[in-house]
2 protein chains.
Amino acid sequence: MTSSTQRRRGRKPRLSQPLIVGAAMRVLARDGLDGLTIRGIAAELGVKSASLYWHFPTRDALVDRLADELIAGLPTERATTADWRTSLRDGSCELFRRLTSVRDAARVRSGRLVTGPNTLRWMEAGLDLFRRAGLNEVAAAYASHAVHVYTVGFVLFTAAPLSAGASREAALSAARGAFAGLERATYPNLVAMAGPLTEGAPETRFLYGLDRLIDGIALDRTT
Amino acid sequence: MTSSTQRRRGRKPRLSQPLIVGAAMRVLARDGLDGLTIRGIAAELGVKSASLYWHFPTRDALVDRLADELIAGLPTERATTADWRTSLRDGSCELFRRLTSVRDAARVRSGRLVTGPNTLRWMEAGLDLFRRAGLNEVAAAYASHAVHVYTVGFVLFTAAPLSAGASREAALSAARGAFAGLERATYPNLVAMAGPLTEGAPETRFLYGLDRLIDGIALDRTT
DNA sequence: ACCTGAACACCGTTCAAGT
DNA sequence: ACCTGAACACCGTTCAAGT
């Protein structure tokens, strides 16, 4: 009758931005981005939908805030003893795991320019890392963006079937069957590689490209 | 009174999947993905919205089709004389330009598993390229996906302000001002690199990461 | 200052009815 | 077989009204 039900039938909801963000996070995790409605968030708070507009001007502003909050607490202070390649790899993995752990997190962050404090901190750390690695300003800016784009983009593609509602296993096995069932004459590689294209842990697949990207940046640094 | 007005007030609309796809493409280019409504497409065809459901089961199925159609005609037959690095670079650039040329094209293609014929052809060509380059099946599958993810992801981030409604110049100059105006003590790199972070042609920035990725893959091939 | 009631202008989708 | 009329259950958002 106290804090557990207070959320749904509390006497004085006493809204606030953090409270709304928290409720929105729960709805996002449960229903995904398409299910993240103002009305749904209000219901989660035991409040009427119009109330939220006192604290956020639009739904989009709330999602912007969510996008920044999604990467809150990500470690940005790396031991300076670790070399830049390890730091970059570990940091990108950290971001990868965070985006993978919340439903539609990559979708929330993609397609919008996030300028919240957590994102700024994350960007600053990335740039710092590349500068310490010896890249000039332009290269550091471009390289940092490239790694970020690759990371978010990868999660976006990996989570695509989940966002659509299907389970990951079902979607992948369906895709594997589709590839394997194509005409061998016109799609020899898709048929032959139906396995590699759809198997393997997401993080392993992610790391392959990440390591290639880091190798390429390292090469650019030395030449 | 003939073909120009026929679209809006034609006597016998005589719908078909290609006709609907064409109209949807025009609406997408004009109003973006958020403005791509069944009612809007129907209006573009001079038809009632319910009519479209005879030809497509859901809006999502239509957008799936659009996603595949967006990369129709992209060259997949490369001169075998060109080395794989040049082919890969040119091909990715081609995709980059196509996705950049239609509003929200990257958004339409991201977050969904496209299995249309144009996409299959494109995938097959990518895999073939990496196999001819000497990568094994797993590496070819992973590398191909990495390059694709990077390309679509890059366009997605570049087009973010456009999708939100703002002009690209306005959004970038706003971002530049925001970076430059941060506290130097906590965000030294963002302040110092406000220029490089927001200037430069999109394609130049895209090519930096693409070339690093290709370099890294080439390195993986030789070791 | 903060929340509610009630409405507005939209959506995707369905389905009986027309032709 | 193919299209329309009319409705259903939703949206985000606004705003006068309550407290």
Side-chain angles (χ1 to χ4, degrees), chain A residues 6-28 30-67 104 107-108 111-112 163-166, chain B residues 6-28 30-67 104 107-108 111-112 163-166:
Chain A
Q6 193 170 10
R7 188 189 300 153
R8 298 202 160 274
R9 310 187 87 244
R11 306 171 178 214
K12 294 184 179 177
R14 224 60 190 92
L15 286 183
S16 68
Q17 286 208 8
L19 248 175
I20 294 172
V21 168
M25 281 290 189
R26 290 194 298 274
V27 175
L28 177 66
R30 193 209 307 136
D31 305 329
L33 182 56
D34 295 331
L36 185 74
T37 67
I38 293 290
R39 283 170 157 92
I41 300 166
E44 173 77 16
L45 290 162
V47 131
K48 300 297 174 180
S49 66
S51 309
L52 302 194
Y53 286 88
W54 183 263
H55 305 271
F56 287 96
T58 64
R59 186 191 105 112
D60 218 53
L62 173 53
V63 177
D64 274 344
R65 171 68 174 275
L66 239 48
D104 280 345
R107 258 180 92 200
V108 170
R112 71 181 62 230
S163 175
Chain B
Q6 193 170 9
R7 188 188 302 153
R8 298 199 161 275
R9 311 187 88 245
R11 305 173 180 212
K12 295 183 179 178
R14 222 62 189 90
L15 286 183
S16 68
Q17 285 209 10
L19 247 175
I20 294 172
V21 169
M25 281 290 190
R26 290 193 297 274
V27 175
L28 177 66
R30 193 209 308 136
D31 305 329
L33 181 57
D34 295 331
L36 185 74
T37 68
I38 292 290
R39 283 170 157 91
I41 300 166
E44 172 77 16
L45 289 162
V47 130
K48 299 298 175 180
S49 67
S51 309
L52 302 194
Y53 286 88
W54 183 262
H55 303 271
F56 287 96
T58 64
R59 186 192 105 113
D60 218 53
L62 173 53
V63 177
D64 275 344
R65 172 69 173 274
L66 239 48
D104 280 343
R107 260 181 90 200
V108 169
R112 71 181 63 231
S163 175

Tabulate atom names and distances for all N/O pairs under 3.5 angstrom spanning the protein and nucleotides 5-9 of chain D.
none

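Annotation: side chain to side chain contact (heavy atoms under 4.5 Å, CB included) contacts of A/Ala23 (sequence neighbours excluded): A/Arg26, A/Ile41, A/Glu44, A/Leu45. Take A/Asp34 and apply the side-chain hydrogen bond (donor to acceptor under 3.5 Å, both in side chains) test, not counting sequence neighbours, and it matches A/Arg107. B/Thr37 is linked by a side chain to side chain contact (heavy atoms under 4.5 Å, CB included) to B/Arg39, counting only residues two or more places apart in sequence or in another chain.
Of all the residues in residues 53-61 of chain B, B/Tyr53, B/Thr58, B/Arg59 reach under 4.0 Å from DNA chain C with at least one non-hydrogen atom.
The two residues A/Leu15 and A/Ser51 have their closest heavy-atom pair at CD1-CB, 3.8 Å. When every heavy atom of A/Gly35 is checked against every heavy atom of A/Val27, the shortest pair comes out as O-CG1, 3.8 Å.
Secondary-structure stems of DNA chain D, taken as three or more successive Watson-Crick or G-U wobble pairs (i with j, i+1 with j-1) under a 3.5 Å distance threshold, comprise C:4-8 with D:12-16, C:12-16 with D:4-8.
In this structure, the CD1 atom of B/Ile38 is 16 Å from the C1' atom of D/dC11, given to the nearest Å. The separation between B/Arg14 atom CZ and D/dC3 atom C1' is 10 Å, rounded to whole Å. When the C1' atom of D/dG12 is taken as reference, atom CG of A/Leu36 falls 12 Å away, rounded to whole Å. Taking atom CG of A/Leu52 as the reference point, atom P of D/dC15 lies 17 Å away to the nearest angstrom.
Applying side-chain contact (heavy atoms from CB on, under 4.5 Å) to A/Leu36 and the options A/Leu62, A/Asp31, A/Val63, A/Val108 leaves one that passes, A/Val63.
For residues 46-57 of chain B, the set of pairs meeting the salt bridge (Lys or Arg N to Asp or Glu O under 4.0 Å) definition, not counting sequence neighbours, is empty. Identified under the side chain to side chain donor-acceptor pair (under 3.5 Å) test for residues 52-67 of chain B, with sequence neighbours left out: B/Gln17-B/Arg65, B/Asp64-B/Arg112, B/Arg65-B/Glu69.
The residue A/Ser51 sits close to a base: some heavy atom pair falls under 4.0 Å.
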